[in-house]
Amino acid sequence: MTRITEKTRKTPALDLYRRQKRGRLWREVVRHRSAYLLLAIPFVYYIIFKYGPIWYGQIAFRDYRALDGVLGSTWIGFKNFLTFINSFYFWELLRNTLMYSFGKIIFSLPLSILLAITIYEATGTKLRKTVQTLTYLPHFLSWVIMYGILLTLLAPGDGIVNDVIKFFGGRPIDFLTNTKAFPWIVILSDAWKEMGWSAIIFIAALMGIDMSLFEAAMVEGANSWQRVRYITLPSIRPVIVVVLLLKIGTILDAGFNQIFILYSTPVLSVADIIDTWVYRQGLLQFEFGLATAVGLFKGAIGMSLILFANWMTRKVSDTGIL
């Protein structure tokens, strides 16, 4: 009886406190409404395009039929996953996907860091801006346009590279249908296209280095290479680690748009990746359950790799993202 009386006495004060708290919260929201409106745009995007499709992820475990719908389709467990893993093309797809992913990391990441350091060390303002602009531009070109550029350079008939080869007495090479040349074309063209854009984050990291470190090094007589080795690279090492971890997390995304535009039947054995196979199975043969299972498989592998890489980097350098 005593407890009821105390609760009754506290209720009006508690209600008043909650109303005041909600009022303050609402006034803060109205006061910073511009920031909240900006926040709403990515929030809505993620709700619609990222979290909403999670519901449909269950069709990876169903024998999905469009007429039956998601809930009406029969549960088949891991059959779709086993179909993909036991596929005749599985190891070839996995090999090609990993080859392109690791190749892009090995070439693109060092080139991006090198470009960022070069731009940062450049003393001429006009030269720096010109190099930045020229290296950023390819990022905004679609792979359709890039294919046209590569065709102009590498075509066996009137390509610039083959014209040079013929000038020196060599025989023209059809690079885009050559199984040995095709992987290099994919990796190097991606590095050229994205190198400037990827360098932005490293340039931002370089701008945060304390200039007194460079001044002290110059007083001590350190040359440019020694400043880069002992000051620049150690200072941006955490950023390099984060970028590397993020790339490892998407290791099974070898670049669908690029491969889809560039590949052809003669190079299918070295060009076909998981995403292009999923495109043919999922959209052309209406195997939506199988395509979704492969998507979940890629996500699980990517999450496992990023956790392992994060654990390894914490062991080695005490730096990570988790």
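- Within the 3.5 Å criterion, the main-chain N or O of Leu213 finds no donor-acceptor partner in the side chain of Asp210.
- Using a cut-off of 4.0 Å between Lys/Arg side-chain N and Asp/Glu carboxylate O, Asp190 and Lys193 are scored as not salt-bridged.
- Scanning both residues, Thr135 and Val131, for their nearest heavy atoms gives OG1-O, 2.7 Å.
- More than 12 heavy atoms of other shown residues, nucleotides or ligands fall within 6.0 angstrom of atom CZ in Phe214.
- Counting heavy atoms of neighbouring residues, nucleotides and ligands inside a 6.0 Å radius, atom CH2 of Trp91 does not exceed 12 of them.
- A search for ring pair (Phe, Tyr, Trp, His ring centres under 6.0 Å) contacts involving Phe308 returns nothing, not counting sequence neighbours.
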Working for ring pair (Phe, Tyr, Trp, His ring centres under 6.0 Å), residues Trp143 and Phe260
CA-CA 9 Å; Trp143 277 110; Phe260 185 72; over 10 Å; no
Output, in order, the C-alpha distance, side-chain angles, deciding distance and verdict of side-chain hydrogen bond (donor to acceptor under 3.5 Å, both in side chains) for Gln258 and Ser189.
CA-CA 9 Å; Gln258 181 192 16; Ser189 62; 3.0 Å; yes
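- With hydrogens and angles left out, the side-chain atoms of Asn80 and Thr83 include no donor and acceptor closer than 3.5 Å.
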Run the numbers on Arg27 and Val30 for side chain to side chain contact (heavy atoms under 4.5 Å, CB included), then give the verdict.
CA-CA 5 Å; Arg27 283 194 295 274; Val30 173; 5.7 Å; no
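- Side-chain contact between Phe286 and Gln281 is absent, with no heavy-atom pair separated by less than 4.5 Å.
- Between Ser269 and Glu92, the side chains place no donor N or O within less than 3.5 Å of an acceptor N or O (distance only, hydrogens not considered).
- Other residues, nucleotides and ligands contribute at most 12 non-hydrogen atoms within 6.0 Å of the CZ atom of Phe43.
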Should Phe81 and Phe78 be marked as a ring pair (Phe, Tyr, Trp, His ring centres under 6.0 Å) after you check the CA-CA gap, both sets of side-chain angles, and the distance that decides it?
CA-CA 5 Å; Phe81 294 89; Phe78 291 91; 5.7 Å; yes
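- Interatomic distance, Lys79 NZ to Arg62 CZ, rounded to the nearest 0.5 Å: 15.0 Å.
- The environment of NZ in Lys104 is crowded: more than 12 heavy-atom neighbours from other residues, nucleotides or ligands sit within 6.0 Å.
- When all heavy atoms of Asn96 and Leu268 are compared, the pair lying nearest together is ND2-O, 4.4 Å.
- The shortest non-hydrogen separation linking Thr292 to Gly57 is CG2-O, 3.8 Å.
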I would like to know whether Phe175 and Phe182 meet side chain to side chain contact (heavy atoms under 4.5 Å, CB included); could you show each step before the answer?
CA-CA 6 Å; Phe175 292 99; Phe182 187 82; over 6 Å; no
Evaluate side chain to side chain contact (heavy atoms under 4.5 Å, CB included) for Asp275 paired with Ile259, printing each intermediate quantity in order.
CA-CA 9 Å; Asp275 286 337; Ile259 300 292; over 6 Å; no
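- Considering every non-hydrogen atom in both Ile231 and Ala217, the closest pair reads CD1-CB, 3.6 Å.
- Within the 4.5 Å cutoff, the side chain of Asp68 has no heavy atoms near those of the Thr74 side chain.
- Of the possible donor and acceptor atoms, one in the side chain of Arg227 sits under 3.5 Å from a partner among the backbone N and O of Ala222.
- Here CG of Leu188 is found 10.5 Å from CE of Met195. Values are rounded to the nearest 0.5 Å.
- The line from OH of Tyr136 to CG of Leu115 is 8.0 Å long, rounded to the nearest 0.5 Å.
- Going from atom CD1 of Ile187 over to atom CD1 of Ile105 covers 11.0 Å, rounded to the nearest 0.5 Å.
- For the ring pair (Phe, Tyr, Trp, His ring centres under 6.0 Å) test, residues two or more places apart in sequence or in another chain that qualify with Phe107 are Trp184.
- The environment of NZ in Lys166 is crowded: more than 12 heavy-atom neighbours from other residues, nucleotides or ligands sit within 6.0 Å.
- Taking each heavy atom of Tyr100 and Ala271 in turn, the nearest pair found is OH-CA, 3.8 Å.
- Contact detail for Ser112 and Ala199: the closest heavy-atom pair is O-CB, 3.6 Å.
- You'll find the side chain of Leu93 reaches within 4.5 Å of the side chain of Phe84, heavy atoms only.
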